[in-house]
Amino acid sequence: MPLPRRKAVLVTGANGEMGHGLIQRLAQSADADVIALDIRDIDPELADKCAARIVGDILDPRMLERVVAEYEVHTIFHLAALLSTRAEFTPETAHEVNVQGTLNLLKLAVEQSRWHGRRVKFLFPSSIAVYGMPDLETKRGAGAVKETEWNLPSTMYGCNKLYCEQLGRYYARHYRQLAVDSTDAGVDFRSIRFPGLISAFTVPHGGTSDYAPEMIHAAAQGLPYACFVRPDTRISFMAMPDAIDALMALMEADAERLTSHVYNITAFNPSAQEFAELTRSAFPGAQITFEPDLRRQGIVDSWPEDVVDTRSRTDWGFAPKYDLRRTFEEYLVPNIRARYA
Ligand code: SER
């Protein structure tokens with residue numbers, strides 16, 4: 001008789017911004033053990049929220065075998081990735097981590113499903129980086145874009161995310177379609193194209209939407225901040241609690257109601273100037289200047305001003321709780337103040 005294994009939710013990229021928020025939430029609500037996986041030592045803050053903490057590389061198949069030796073994985077939140085700015089410095093490495101890493105996890109999902117006989121839910125954070133507007137005039141003219149429009153990313157990260165959405169759809173619907181014994185791969189792939197995310201508790205690393213969170217975290221610490229995009233730069237953003245709620249809601253959604261594997265979501269889309277003004281009114285001494293980095297500016301300019309999120313609202317009831325005012329007044333300012341007090 002094989003040893004009984006415990007039912008588990010696997011979270012890759014556990015130390016990242018989303019990993020932190022998600023693991024706190026899963027620890028409160030999950031009926032399964034949380035396995036936290038990251039390439040670096042798992043943050044001690046998360047220690048008591050996880051049944052297992054595994055330090056390892058998602059490109060290492062032996063490490064992934066260790067994960068499933070003890071646990072039966074029913075749900076995967078595959079958050080590990082190299083973000084858009086970082087990926088431009090080492091594009092081939094980014095491709096390995098972002099694409100081959102995702103493929104390894106999809107394969108693990110297939111194998112797990114074969115073991116326990118249920119479909120493995122695979123939650124994948126995609127991004128507004130999958131869009132690519134050719135120039136500012138087109139960006140301004142396009143306004144809010146639908147999932148099917150402007151899928152022409154200019155970054156390695158955006159290409160990786162767009163392709164991994166397709167890989168997920170392939171595993172969910174067409175896996176080994178020509179095999180004599182072809183059966184459902186058992187992968188229930190669901191992905192969200194997130195806008196820029198802002199957390200009160202962590203700062204992002206290596207992203208290109210980082211100017212907004214960096215600005216407010218610097219202001220709260222009394223540090224000067226030189227914003228790397230122009231004041232008129234506009235993309236959509238969301239407060240981290242809404243992003244985590246969205247991941248949980250999509251995970252829990254009834255499969256029959258889902259008409260797609262890919263969903264846009266958004267909450268607000270201030271310009272960098274508007275974001276700076278709100279930061280200055282919350283932290284009157286804030287020293288914010290604008291010193292655009294033309295190349296990072298080019299990346300943000302290729303991302304749409306806004307996205308259409310009707311599909312998420314209709315299929316799984318997405319509705320953000322934090323608009324821009326509430327994000328500042330009720331989430332960012334009190335929590336960031338307390339953090340740096
Ligand atoms: N926030 C991410 C980045 O800037 C986009 O998904 O790379």
Side-chain angles (χ1 to χ4, degrees), residues 12-13 15-22 77-91 93-95 97-99 101-102 123-133 139 145 147 150-165 168 191-217 227-230 233-244 246-247 250 262-270 272 275 292-293 295-307 309 312 320 327:
T12 73
N15 277 341
E17 286 215 283
M18 294 195 92
H20 269 88
L22 178 69
F77 288 89
H78 175 39
L79 312 179
L82 293 192
L83 293 183
S84 58
T85 289
R86 174 102 191 271
E88 289 310 305
F89 290 102
T90 52
T93 306
H95 185 277
V97 174
N98 296 350
V99 176
T102 301
L123 278 293
F124 181 71
S126 186
S127 164
I128 48 165
V130 303
Y131 297 107
M133 319 301 295
K139 167 168 168 157
V145 303
E147 282 89 347
W150 297 106
N151 288 186
L152 290 164
S154 70
T155 61
M156 178 52 102
Y157 172 80
C159 293
N160 297 161
K161 288 287 182 188
L162 188 59
Y163 175 59
C164 287
E165 291 175 355
S191 74
I192 295 178
R193 287 184 184 164
F194 285 101
L197 298 177
I198 313 173
S199 167
F201 303 102
T202 48
V203 266
H205 293 290
T208 321
S209 59
D210 295 5
Y211 60 90
E214 281 174 1
M215 193 184 286
I216 187 162
H217 280 265
C227 180
F228 61 80
V229 293
R230 288 185 317 267
T233 305
R234 194 181 291 278
I235 55 168
S236 46
F237 281 98
M238 173 174 286
M240 190 58 84
D242 275 330
I244 303 302
L247 270 180
L250 183 58
V262 177
Y263 289 94
N264 276 347
I265 62 172
T266 183
F268 43 82
N269 67 337
F275 201 87
D293 168 332
R295 288 180 290 185
R296 287 181 99 188
Q297 177 76 57
I299 292 179
V300 186
D301 285 345
S302 78
W303 295 348
E305 285 200 347
D306 200 1
V307 296
D309 61 6
S312 300
T327 296

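Counting starts at 1 for both ligands and their atoms, following the listed order.
Side-chain contact annotation: Ser191 with Glu165, donor-acceptor N/O pair under 3.5 Å absent. Tyr131 and Asn264 share a side-chain donor-acceptor pair at under 3.5 Å.
Using a 4.0 Å cut-off between charged nitrogen and carboxylate oxygen, Arg230 and Asp301 count as a salt-bridge pair. Using a cutoff of 4.0 Å between basic side-chain nitrogens and carboxylate oxygens, Glu88 and Arg295 are not scored as salt-bridged.
Other residues, nucleotides and ligands contribute over 12 non-hydrogen atoms within 6.0 Å of the CZ atom of Phe201. Counting non-hydrogen atoms of other residues, nucleotides and ligands closer than 6.0 Å to CZ of Arg86 gives a total of 12 or fewer.
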Just the distances, no angles: every ligand 1 N or O to protein N or O pair closer than 3.5 Å, one line each.
residue: ligand 1; atom: 1 (N); partner: Ser209; partner atom: OG; Å: 2.9
residue: ligand 1; atom: 4 (O); partner: Ser84; partner atom: OG; Å: 3.4
residue: ligand 1; atom: 4 (O); partner: Thr208; partner atom: N; Å: 2.6
residue: ligand 1; atom: 4 (O); partner: Ser209; partner atom: N; Å: 3.0
residue: ligand 1; atom: 4 (O); partner: Ser209; partner atom: OG; Å: 3.3
residue: ligand 1; atom: 6 (O); partner: Ser127; partner atom: OG; Å: 2.6
residue: ligand 1; atom: 6 (O); partner: Tyr157; partner atom: OH; Å: 3.0
residue: ligand 1; atom: 7 (O); partner: Ser84; partner atom: N; Å: 3.0
residue: ligand 1; atom: 7 (O); partner: Ser84; partner atom: OG; Å: 2.5

